[in-house]
Amino acid sequence: QVHLVESGGGLVQPGGSLRLSCAASGSGFSIYAMGWYRRALGKQRELVAVIITTTGSTNYADSVKGRFTISRDNAKNTVYLQMSSLKPEDTAVYYCNLRQRFFNKDYDYWGQGTQVTVSS
């Protein structure tokens, strides 16, 4: 099995910073990619950032480019999201995602979500 543990969410003022962490644990498993999604109140879930485990390639939502940075520690099966210059519109529940890929078929695991609130 795969278990994802998220941390780092909280309340921050506009312009502030937060760093989210997500650690994967469990029995033997492989990881194709890890990433972060978010769902704001009344909105659809959207991809924030993703990183490919083997290559380190990254992709970001246009709304966070230049402000957020995703990184990973493969030895620890952990992914991070450094968020800077936070805006009220960044307020959402952030979900960690782990994707496995076998024979070009994807299998997703999800964290419980952590609340990020940007408000003065």
Side-chain angles (χ1 to χ4, degrees):
Q1 68 154 26
V2 178
H3 179 60
L4 302 178
V5 179
E6 303 165 337
S7 63
L11 175 65
V12 65
Q13 291 186 288
S17 299
L18 283 174
R19 183 175 185 250
L20 305 183
S21 299
C22 177
S25 63
S27 301
F29 58 90
S30 62
I31 303 173
Y32 171 70
M34 294 186 73
W36 294 91
Y37 293 73
R38 68 186 181 188
R39 184 187 293 275
L41 186 63
K43 303 291 184 63
Q44 295 183 344
R45 183 182 65 188
E46 66 171 342
L47 175 69
V48 178
V50 64
I51 185 166
I52 307 300
T53 301
T54 56
T55 67
S57 298
T58 59
N59 281 295
Y60 297 90
D62 288 341
S63 60
V64 307
K65 287 180 180 177
R67 300 187 298 118
F68 292 10
T69 301
I70 189 169
S71 61
R72 89 285 197 225
D73 185 335
N74 289 348
K76 297 181 178 180
N77 291 331
T78 299
V79 66
Y80 307 93
L81 185 67
Q82 179 66 50
M83 304 184 293
S84 301
S85 301
L86 284 162
K87 306 174 181 179
E89 50 263 46
D90 294 317
T91 296
V93 177
Y94 285 70
Y95 297 91
C96 179
N97 168 261
L98 184 154
R99 173 162 289 183
Q100 296 181 304
R101 179 163 289 179
F102 303 102
F103 305 105
N104 209 34
K105 295 185 64 175
D106 295 335
Y107 302 84
D108 288 323
Y109 296 83
W110 296 92
Q112 298 181 80
T114 183
Q115 178 71 47
V116 172
T117 302
V118 184
S119 176
S120 60

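What you see is a predicted model, and the numbers here were worked out from it, not measured in a lab. All residue numbers in this chain count up from 1 along the given sequence.
- Linking ILVMFWY residues whenever their side-chain heavy atoms come closer than 4.5 Å, directly or via other members, leaves Leu98 and Ile52 in distinct clusters.
- Under the 3.5 Å distance criterion, with hydrogens and angles disregarded, no donor-acceptor pair is assigned to the side chains of Ser119 and Thr117.
- Cluster membership check: Ile51 shares its hydrophobic cluster with Leu20, using side-chain heavy-atom separations under 4.5 Å among Ile, Leu, Val, Met, Phe, Trp and Tyr.
- With hydrogens and angles ignored, the 3.5 Å screen pairs a side-chain donor or acceptor of Thr78 with a backbone N or O of Lys76.
- By the 4.5 Å heavy-atom criterion applied to side chains, Val93 and Thr114 are not counted as neighbours.
- Of the charged side-chain nitrogens involved, none lies within less than 4.0 Å of a carboxylate oxygen, so that Asp90 and Lys87 do not count as a salt-bridged pair.
- Atoms CG and CD1, from Asn74 and Ile31 in turn, are 7.5 Å apart once rounded to the nearest 0.5 Å.
- Linking Ile, Leu, Val, Met, Phe, Trp and Tyr whenever their side-chain heavy atoms come within less than 4.5 Å puts Leu4 and Tyr94 in one cluster.
- Annotation: cation-pi pair Arg45/Trp110 present, NZ/CZ under 6.0 Å from the ring centroid and within 45° of its normal.
- Residues Val79 and Trp36 form a side-chain contact, since some pair of their non-hydrogen atoms from C-beta on lies under 4.5 Å apart.
- Ala24 and Met34 get closest at one heavy-atom pair: CB-CE, 4.5 Å.
- The NZ atom of Lys65 sits 7.5 Å away from the CG atom of Asn59 when rounded to the nearest 0.5 Å.
- Taking the centre and axis of the six-membered ring of Tyr32, the NZ or CZ atom of Arg99 falls outside the cone set by 45° and 6.0 Å.
- The ring pair (Phe, Tyr, Trp, His ring centres under 6.0 Å) check on Tyr107 picks up Phe102, with sequence neighbours excluded.
- Using a 4.5 Å heavy-atom threshold, the side chains of Tyr95 and Arg38 count as separate.
- Val2 and Tyr37 are assigned to two separate hydrophobic clusters, defined by single-linkage of ILVMFWY side chains at heavy-atom distances under 4.5 Å.
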Inset, instruction - Please assess Leu81 against Thr69 for the test side-chain contact (heavy atoms from CB on, under 4.5 Å), listing each intermediate value before the final yes or no. - result: CA-CA 6 Å; Leu81 185 67; Thr69 301; over 6 Å; no
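- Looking only at distances, a side-chain donor or acceptor of Glu6 sits under 3.5 Å from a matching main-chain atom of Cys96.
- Counted by atom type alone, Thr91 and Glu89 present zero donor-acceptor pairs between their side chains at under 3.5 Å.
- Without hydrogens or angle criteria, Arg72 side chain to Thr53 main chain gives a donor-acceptor distance under 3.5 Å.
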Inset, instruction - Just do the side-chain contact (heavy atoms from CB on, under 4.5 Å) check on Tyr80 and Asp73 with the steps written out, would you? - result: CA-CA 8 Å; Tyr80 307 93; Asp73 185 335; 4.2 Å; yes
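- Gln82 contributes no side-chain N or O that, together with a main-chain N or O of Phe68, makes up a donor-acceptor pair within less than 3.5 Å.
- Atom-to-atom distance recorded for Ser85:OG and Arg67:CZ is 7.0 Å, nearest 0.5 angstrom.
- At a threshold of 4.5 Å between non-hydrogen side-chain atoms, the residues Thr58 and Val50 do not count as touching.
- Side-chain contact check for Met83 versus Ser17: every heavy-atom pair is 4.5 Å or farther apart.
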